[in-house]
Amino acid sequence: MMSNLQSVLSSGRMAVTAEIGPPKSADAETVRKLARHLKGSADAFNLTDNQTAMVRLSSIASGVVCLQEGVEPIVQMTCRDRNRIAMQSDALGASALGIRNILCLSGDHQCFGNQKEAKNVYDVDSIGQLMLLRKMRDEGQVWGGDKLEKAPELFLGAAANPFADPFEHRVVRLAKKLAAGADFIQTQSIYDVDRFERWMSQVRARGLHEKVHIIAGVMPLKSHKVALYMKNKVSGMIVPDHIIDRMKNAADPKEEGIRMCVEQIKHLQSIEGVHGIHVMAVAWEEKVPVIVKEAGLLPRPVV
Amino acid sequence: MIIAEQKPIPRIVEMLEGHKSMLVVGCRSCVAICLAGGEKEVSILSEALRIESDLKGNGWQVDEVTLERACEKEWVGEMREKVSGHDAIISLACGVGAQVMQELYPDVRVLPGLDTSNMGAPEEQGIYLEKCGGCGDCVLHLTGGICPIARCSKSLLNGPCGGSQNGKCEIDPDVPCGWDQIYHSLERIGRLDLMEVPIPPKDWRRSRSGGPRKIVRKEAVLTPEEKSARGAR
């Protein structure tokens, strides 16, 4: 069965995805409650995979909890923690449990998390990972050629970061991800809209927007301190000063953050080649429904 | 060359518990160049251990020797007389040298005085950078002469990842992004087209993942007859 995300994207409608951060515990109820609260506000929900290298409830397990609640998961899978054996096995497992969307990621380096002494894996990178999973899906073979009696049913995603460097290479890396098997792309949080637009014009110049669904990422800000932190401490993020100032001068920063996010979503939708919006309300997931509603993207289509 | 650094003296002293007579062995090759285990470092460590012994009344006998190359049996074999009578060798050679010493002197305990780090090169005096990942399947022709295995924090074959900004790696603003360097090197060579080609998953069998590696140069291997002739000589 085709994933809901795939159906919405192929119908030509603006897709909405949102992020759910699994808890630092064995408590499935946290995910279950969020899934219930968020149901209907997006077409599919990303379950992050030990983001920033912090040990958390696994993304596949969290994805299964979402399925139990009738919410479609996008399971994130990093190359940091698994070699190609674990990666292919997890993809088979995810598919067997009804998970259809997998987002292939290199993953944050382990130095950011709570297991700094860990050995990372990086047997393959995100492009290699796409190659492995596409081969399983399209050719019914594991890497190396052994046949699968049943191929996994997968809709494959990858990330793109137009704010990382070298800027000129960012569209090339996107093209490589397409060539490797990406069906959809979710971008890093966009604050520097000008740079995003420049990237999108490069994407269109190569005709890539017609070959892959680009879902533009947004992250509502809670305070100007969060904005400053992302600007100064998170590598690969650009937060322009006018955004920091706007947050600083706001009477109610949280409200302002939501308002700004809604404005961004409205604008991003108008850019040719943007096929969806990805809302990353980190540790603020409960705000997703209101953001999506204010942006005029509710109700979500039933396809 | 192999880059190593000396263990802190208290760690070396801890390892020496129970020993009375030790030979500090250095190497004039790589570890001398990176100022970790050459003649000078051997004599400084030996002196420090003698002072430690005097202060604590350990009664240690500390002798010293520096080999031409501690990774070759021929050179390591030459210190046989020096080793005799010692119950420990403190190796200031790299991990390879320390193992060759243990192999040649199986009755003596070899203790590592260095932490062997990587295959690299001096960047400037006193600064040494890792350069080669020793993966057994070199891709430098595709990556502008810069090793992605050793110089990308994630050993990506298709970088740079989304954490590369202003030429720096996400792990630390002082660490250059290996793939940013690759990009600019290919740009200078006029081969940015190579950045467009996806590099598929690597065959790691020729790396450490394939088990301990052994290279045989058949034409150089001696026949049993040649070996016995050499032994007789």
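Since the model is a prediction, treat every value here as computed from it, not as a measurement. Below, read A as the first sequence line, B as the second, and so on, with proteins coming before strands; counting in each chain starts at 1.
Contact of the B:Leu35 side chain with the B:Glu41 side chain is registered, since non-hydrogen atoms from C-beta on lie closer than 4.5 Å. A heavy-atom distance below 4.5 Å is found between the side chains of A:His278 and A:Thr17. By the 4.5 Å heavy-atom criterion applied to side chains, A:Ile214 and A:Met200 are counted as neighbours. Taking the side chain as every heavy atom from C-beta outward, A:Tyr191 and A:Met230 approach each other to under 4.5 Å. Counting only heavy atoms from C-beta outward, the side chains of B:Leu49 and B:Leu16 approach each other to under 4.5 Å. Considering only heavy atoms from C-beta on, B:Gln102 stays 4.5 Å or farther from B:Gln99 through its side chain.
No other option in B:Cys169, B:Pro173, B:Ser207, B:Pro160 has as many heavy-atom pairs under 4.5 Å with chain A as B:Pro160. Between chain B and the options A:Glu168, A:His169, A:Gln188, the largest number of non-hydrogen pairs under 4.5 Å is found for A:His169. Residue with the most contacts toward chain B among A:Asn120, A:Leu105, A:Asn161, A:Val121: A:Asn161 (heavy-atom pairs, distance under 4.5 Å). Of all the listed residues (B:Gly167, B:Ser155, B:Gly159), the one sharing the greatest number of non-hydrogen pairs under 4.5 Å with chain A is B:Gly159.
Between the side chain of A:Asn114 and the main chain of A:Val55, a donor-acceptor pair closer than 3.5 Å is present. Looking at B:Thr143, its side chain never comes within 3.5 Å of a backbone N or O of B:Pro148 through a donor-acceptor pair.
Listed in order of number, the residues of residues 232-244 of chain A that approach chain B to under 4.5 Å between heavy atoms are A:Val234, A:Ser235, A:Gly236, A:Met237, A:Ile238. Interface with chain B: from residues 123-143 of chain A, residues A:Asp123, A:Val124, A:Asp125, A:Ile127, A:Gly128, A:Met131, A:Leu132, A:Trp143 qualify, criterion being any non-hydrogen pair under 4.5 Å.
Of the inter-residue distances, the one linking A:Leu103 atom CG with A:Glu19 atom CD reads 9.5 Å to the nearest 0.5 angstrom. To the nearest 0.5 angstrom, B:Arg151 atom CZ is 11.5 Å from B:Asp180 atom CG.
For A:Arg170, the part sitting under 4.5 Å from any heavy atom of chain B is the side chain, from C-beta outward, and nothing else. Of the two parts of A:Asp165, the backbone and the side chain both hold a non-hydrogen atom closer than 4.5 Å to a non-hydrogen atom of chain B. Neither the backbone nor the side chain of A:Phe167 has a heavy atom closer than 4.5 Å to any heavy atom of chain B. At a 4.5 Å heavy-atom cutoff, B:Asp172 makes no contact with chain A through either its backbone or its side chain.
Residues B:Asp137 and B:Arg213 are not paired through a salt bridge, judged by the lack of any N-O separation under 4.0 Å between the basic side chain and the carboxylate.
Atom NZ of A:Lys119 has 12 or fewer neighbouring heavy atoms from other residues, nucleotides or ligands inside a 6.0 Å radius.
Using cut-offs of 30° and 60° on the angle between ring planes, the pair A:Phe155 and A:His213 is tilted.
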